[in-house]
2 protein chains.
Amino acid sequence: MPYGELMNARVRSEERRAEIVRAALEVIAERGYRGASLAAVAERVGLTQQGLLHYFPTKDALLVAVLTERDQWDAVPDTQWRVDLLVSLVEYNAMRPGIIQTFSALLGESVTEGHPARGYFTERYAKVRENMAAVLRAEYGDQLPNGLTPERTAPLLVAVMDGLQYQWLLDPESVDMPGAFRDFLTLLGENPH
Amino acid sequence: MPYGELMNARVRSEERRAEIVRAALEVIAERGYRGASLAAVAERVGLTQQGLLHYFPTKDALLVAVLTERDQWDAVPDTQWRVDLLVSLVEYNAMRPGIIQTFSALLGESVTEGHPARGYFTERYAKVRENMAAVLRAEYGDQLPNGLTPERTAPLLVAVMDGLQYQWLLDPESVDMPGAFRDFLTLLGENPH
DNA sequence: AACGAAACCTACCGGTCTACAGGTAACGGG
DNA sequence: CCCGTTACCTGTAGACCGGTAGGTTTCGTT
């Protein structure tokens with residue numbers, strides 16, 4: 001362990017937390033949030049359930065960490081999103097079923113009453129819709145080739161991405177997620193640029 | 001109870017089962033399948049948890065009953081689906097959040113490993129995609145105005161319906177589900193009929 | 001070398017969950 | 001009127017759950 005001695009406690013603690021969050025992502029993908037037990041997450045990082053609670057005092061605290069990690073993940077630094085980057089994103093997602101499964105499961109759960117991720121997803125989708133509207137406006141201007149505005153098209157764009165994910169997760173052989181997404185983009189009309 | 005005396009045991013049993021399934025739909029909408037306890041469903045129909053198990057011997061059996069009820073529900077008798085009927089369906093759904101919430105929650109859970117509804121949804125989506133392709137073909141012929149085939153458009157249609165449901169459930173005020181769906185249909189091109 | 005904090009652990013509590021076992025009361029057909 | 005079936009009930013097993021209490025070891029700092 002050449003780096004071990006150089007690490008201070010602070011860094012090691014952060015790494016442990018990141019490890020736990022990663023394990024939590026996996027377990028949530030497999031069993032959902034309600035079905036994910038702290039013990040199962042702990043076991044995956046070689047801890048007891050109580051040892052895990054030392055890092056995250058409650059189950060909800062762990063979920064919060066999972067959600068904020070995701071926020072950092074898909075916040076593309078500086079660069080503005082473009083439509084062709086969305087295609088790349090979908091292609092990238094199609095190679096990482098785990099992450100998609102985690103957040104598809106969480107999204108499904110979040111519509112139930114009192115779910116701890118509900119507020120997160122509500123706010124997130126509001127932001128994402130705004131973001132997508134801006135992307136579309138940058139690409140097409142105030143009016144899409146088919147006559148719709150970016151604001152009215154954005155929810156459709158988001159819906160297609162999410163909906164395709166469910167179909168693809170359930171039956172990857174039958175659904176070409178990136179291909180279908182490109183099909184949707186052609187539906188929006190020819191890029192004027 | 002004028003009809004009470006005319007009812008035989010068979011009919012009364014069927015009614016009780018239907019009552020239970022209805023209650024299960026509600027509880028699943030509120031807490032998801034994993035979060036829905038037999039006791040909560042039982043209480044809603046005035047039974048003990050063990051009394052409920054008399055009608056459905058396991059929790060999975062109850063889920064199966066819920067899923068088959070849904071199949072009967074959206075099997076439109078005889079009449080072939082048409083695109084304008086889809087709009088009506090979405091409008092109708094927008095007035096019944098409960099049902100949407102139940103099956104959105106179930107869909108989300110179903111992508112997790114070993115979920116008892118996974119097979120159901122996989123098969124269901126295969127059928128629905130076929131169905132939608134047929135609807136599109138009846139409406140537009142072998143090629144949509146934008147050049148896509150019905151088979152390639154069907155997954156998009158399904159994805160939009162599902163994806164919009166999640167956005168709408170999370171924030172009904174911000175998302176006009178039927179309006180957005182109509183927007184999507186205009187994206188498909190003008191109806192040649 | 002001493003000390004205080006961080007990083008775990010064991011033990012345990014109260015609750016909830018599905019399911020099984022077995023009992024009883026009502027009921028309807030012969 | 002009897003008798004088998006249906007429709008429940010109580011009791012309980014067995015398992016997991018999140019969380020608390022409190023201990024002990026490890027380790028960096030002084």
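Sequence lines set the chain letters: A, B, ... in the order given, protein chains first and strands last, and positions in each chain run from 1.
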Please classify the nucleic acid contact of B:L53 as base, sugar-phosphate, or nothing, using heavy-atom distances under 4.0 Å.
base
For salt bridge (Lys or Arg N to Asp or Glu O under 4.0 Å), just list the numbers for B:E69 and B:R17, CA-CA rounded to whole Å, side-chain angles, deciding distance to a tenth of an Å, and then say yes or no.
CA-CA 11 Å; B:E69 162 131 323; B:R17 288 173 64 94; over 6 Å; no
Can you find a side chain N or O atom of B:S13 that sits less than 4.0 Å from OP1 or OP2 on D:dA7?
yes
Side chains of B:D162 and B:F103: closer than 4.5 Å at any heavy-atom pair?
no
Here the distance between atom C1' of D:dA21 and atom NE2 of A:H54, to the nearest Å, is 15 Å
A:L38 CG to C:dC9 P, straight-line distance once rounded to whole Å
14 Å
Interatomic distance, A:F56 CZ vs C:dC8 P [rounded to whole Å]
13 Å
Measure CG/B:L62 against P/C:dA19 and give the value in whole Å, please.
10 Å
If the cut-off is 4.0 Å, is A:R16 near the phosphate of C:dA6, judged by side-chain N/O to OP1 or OP2?
no
So does B:R12 get a side-chain nitrogen or oxygen closer than 4.0 Å to the phosphate oxygens (OP1/OP2) of D:dA7?
no
Residue pair A:R70 / A:T102, side-chain donor-acceptor N/O under 3.5 Å:
no
Rounded to whole Å, please give me the gap between CD in A:Q50 and C1' in D:dG18.
10 Å
Whether A:Y55 contacts C:dA6 is assessed here as follows: a side-chain N or O lying under 4.0 Å from the phosphate OP1 or OP2. Is that the case?
no
Between the side chains of B:R34 and B:T112, is a donor N or O closer than 3.5 angstrom to an acceptor N or O?
yes
Here the distance between atom P of D:dG18 and atom CD of A:E43, to the nearest Å, is 14 Å
